[in-house]
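The figures here come from the full heavy-atom set of this structure, side chains too, leaving out hydrogens, waters and symmetry mates.
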Amino acid sequence: MKKTALITGVTGQDGSYLAELLLEKGYQVHGMIRRSSTVNTWRIDHLLEEQSEDRFSLHYGDLSDANSLRRLIDLTQPDEIYNLAAQSHVRVSFDQPEYTCDATGTGVLRLLEAIRASTQYAPQTIRFYQAGSSEMFGSAKPPQSEDTRFEPRSPYACAKVYGHYQTVNYRESYGMFASNGILFNHESPRRGEMFVTRKITLAAARIKLGLQKKLSLGNLDAKRDWGFAGDYVEAMWRMLQHDRPGDYVVATNKAISIREFLALSFEPLDLDWQDFVEIDERFYRPAEVDYLLGDYSKTERDLGWKPTHDVASLARMMVESDLQLAKREKHHRNFDELEATIGQ
């Protein structure tokens, strides 16, 4: 029997990879998007073109609007709900703490309550996935596992901890099949350009082609456990296929510094990153998280999941993609300059 899934945050990096995975597995996929003045569907445009509306469709909804969540659940009647929507930029959360806590934290509660209050069928029939974050561990000593105490150090991390415990609470209070994925940093060519890895790989490609001269960054000594987003959505799916709900760390068991990620990104282009990187105090967080290193042994044991990409292959993948993007940018810039010269 064909399953139906609802994905919040479907236009994001993880949402796009998860939608692809579920469609490949024969699901009917519904994606929730926020109504806004601009359309930001570039990560899933290929799916909208390839798939018929009865296989993949988008619906307006918002984690700040409980009525829209209840309406959407009753309309789509999903077997599985993946909550990937959030204000997910840690540095931005310091500038917009109230919005971040509402969307990233209270939004989880609204969605869980919408499932519990569904008029279509018992909430126990819906399997729910909540996207947690390694940022919840904050200053906790590495390596971090499911048993590590949360020590959040940003409004974003605090909101994610709130969403995590609400998921546990609804699981234990109402018997809901509700699982938390505690995902360590995961990247791809679809990563937003504001996030440090993508900022680095795109800058390296643009510098190589003479489109950019410098790259401004903050703390280069912070260590992170970086994996491939395409791998991590497989872990999300496996959590909801398991015979019981739970909390699972998804990581690679290896961490490197931003300084080391710079080297992995610039070296394939025969560039020395130290010639181009400038330190800008504006990019430091008010409270830094120094070292995140995941232990995914429970996830491997219970779900049979392990990563297929290491950080070196991930950086190479992102640089190659951004190099193609930079080449197109240079081509368009040269064409525009030629047109301007002809018009004079």
Side-chain angles (χ1 to χ4, degrees), residues 1-34 40-61 63 69 72-86 88 107-108 111-112 114-115 118 120-121 123-133 167 176-183 186-191 227-246 248 250 299 302-309:
M1 182 178 177
K2 182 168 68 175
K3 290 184 179 180
T4 299
L6 171 62
I7 304 172
T8 72
V10 71
T11 59
Q13 169 189 251
D14 293 5
S16 65
Y17 281 113
L18 179 60
E20 286 179 344
L21 176 70
L22 296 180
L23 288 166
E24 288 172 1
K25 293 182 178 297
Y27 279 65
Q28 179 181 10
V29 178
H30 298 278
M32 188 184 86
I33 59 173
R34 290 188 301 132
N40 183 29
T41 59
W42 64 270
R43 293 182 181 91
I44 57 171
D45 281 340
H46 64 293
L47 298 177
L48 293 171
E49 294 171 359
E50 295 168 0
Q51 302 292 335
S52 60
E53 195 168 314
D54 64 337
R55 291 285 324 281
F56 182 52
S57 56
L58 302 181
H59 309 268
Y60 288 117
L63 290 181
L69 299 176
L72 191 51
I73 290 172
D74 287 340
L75 173 67
T76 60
Q77 299 186 33
D79 300 293
E80 299 169 3
I81 296 178
Y82 297 84
N83 183 37
L84 310 185
S88 58
V108 182
L111 187 50
L112 287 164
I115 295 171
S118 173
Q120 297 293 328
Y121 42 81
Q124 289 82 2
T125 64
I126 298 177
R127 297 195 168 198
F128 175 76
Y129 170 83
Q130 166 59 17
S133 168
T167 302
M176 291 173 57
F177 193 109
S179 291
N180 285 297
I182 308 173
L183 273 60
H186 46 291
E187 321 296 315
S188 75
R190 300 179 192 175
R191 190 59 145 150
F228 174 49
D231 286 343
Y232 284 28
V233 299
E234 170 80 20
M236 297 178 192
W237 175 76
R238 291 192 182 205
M239 289 178 210
L240 297 197
Q241 313 316 305
H242 197 46
D243 56 4
R244 61 187 182 277
Y248 296 94
V250 183
T299 306
D302 289 3
L303 308 181
W305 179 90
K306 62 172 58 178
T308 65
H309 290 73

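Paired with Gln241 under the rule side-chain hydrogen bond (donor to acceptor under 3.5 Å, both in side chains), one option of Lys3, Arg127, Lys25 passes, and it is Lys3. Considering Tyr17, Trp305, Tyr248, Tyr82 as possible partners of Tyr232, the one that fulfils the ring pair (Phe, Tyr, Trp, His ring centres under 6.0 Å) test is Trp305. With Tyr27 as reference, Glu80 is the one residue of Arg55, Lys2, Glu80 to meet the side-chain hydrogen bond (donor to acceptor under 3.5 Å, both in side chains) rule.
Proximity of a side-chain donor or acceptor of Asp231 to a complementary backbone N or O of Thr308 within less than 3.5 Å is detected. With hydrogens and angles disregarded, a donor-acceptor distance shorter than 3.5 Å links the side chain of Gln13 to the backbone of His186. Side chain of Arg238 to main chain of Leu303: a donor-acceptor pair is present (N/O by atom type, distance under 3.5 Å, no hydrogens or angles).
Closest approach of Val233 and Gly230 over heavy atoms only: CG2-O, 3.4 Å. Listed here is the closest heavy atom pair of Asp302 and His242: O-CE1, 3.4 Å. In this structure, Asn180 and Met239 approach most closely via the heavy-atom pair O-SD, 4.0 Å. Closest approach of Ile182 and Ser133 over heavy atoms only: CG2-O, 3.8 Å. Taking both residues in full, the closest heavy atoms of Ala85 and Gly9 are given as CB-N, 3.7 Å, listed atom of the first, atom of the second, then distance. Here the shortest heavy-atom pairing between Ile73 and Leu6 reads CG1-CD2, 4.4 Å.
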With side-chain contact (heavy atoms from CB on, under 4.5 Å) as the criterion, how do Leu48 and Leu58 come out once you've worked through the C-alpha distance, each side chain's angles and the decisive distance to 0.1 Å? CA-CA 9 Å; Leu48 293 171; Leu58 302 181; 4.0 Å; yes
Set out, in order, the CA-CA distance, both residues' side-chain angles and the distance that settles salt bridge (Lys or Arg N to Asp or Glu O under 4.0 Å) for Arg190 and Glu20, then state yes or no. CA-CA 13 Å; Arg190 300 179 192 175; Glu20 286 179 344; 2.8 Å; yes
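Rounding to the nearest 0.5 Å places CZ of Phe228 at 11.0 Å from CD of Glu187. Between Ile81 atom CD1 and Thr8 atom OG1 the span is 9.0 Å, to the nearest 0.5 Å. Here CG of Leu63 is found 6.5 Å from CG of Leu111. Values are rounded to the nearest 0.5 Å. Taking CG from Leu84 and CG from Asp14, the interatomic distance works out to 6.0 Å, rounded to the nearest 0.5 Å. Put simply, OG on Ser188 and NE2 on His309 are 10.5 Å apart, with the number rounded to the nearest 0.5 Å. To the nearest 0.5 angstrom, Ile126 atom CD1 is 13.0 Å from Phe177 atom CZ.
Within a 6.0 Å sphere centred on NZ of Lys306, other residues, nucleotides and ligands contribute 12 heavy atoms or fewer. Within 6.0 Å of atom CZ in Arg34, 12 or fewer heavy atoms from other residues, nucleotides or ligands are found, so the atom counts as exposed in its surroundings.
Residues Met236 and Leu183 have side chains in contact (heavy-atom distance under 4.5 Å, counting atoms from C-beta outward).
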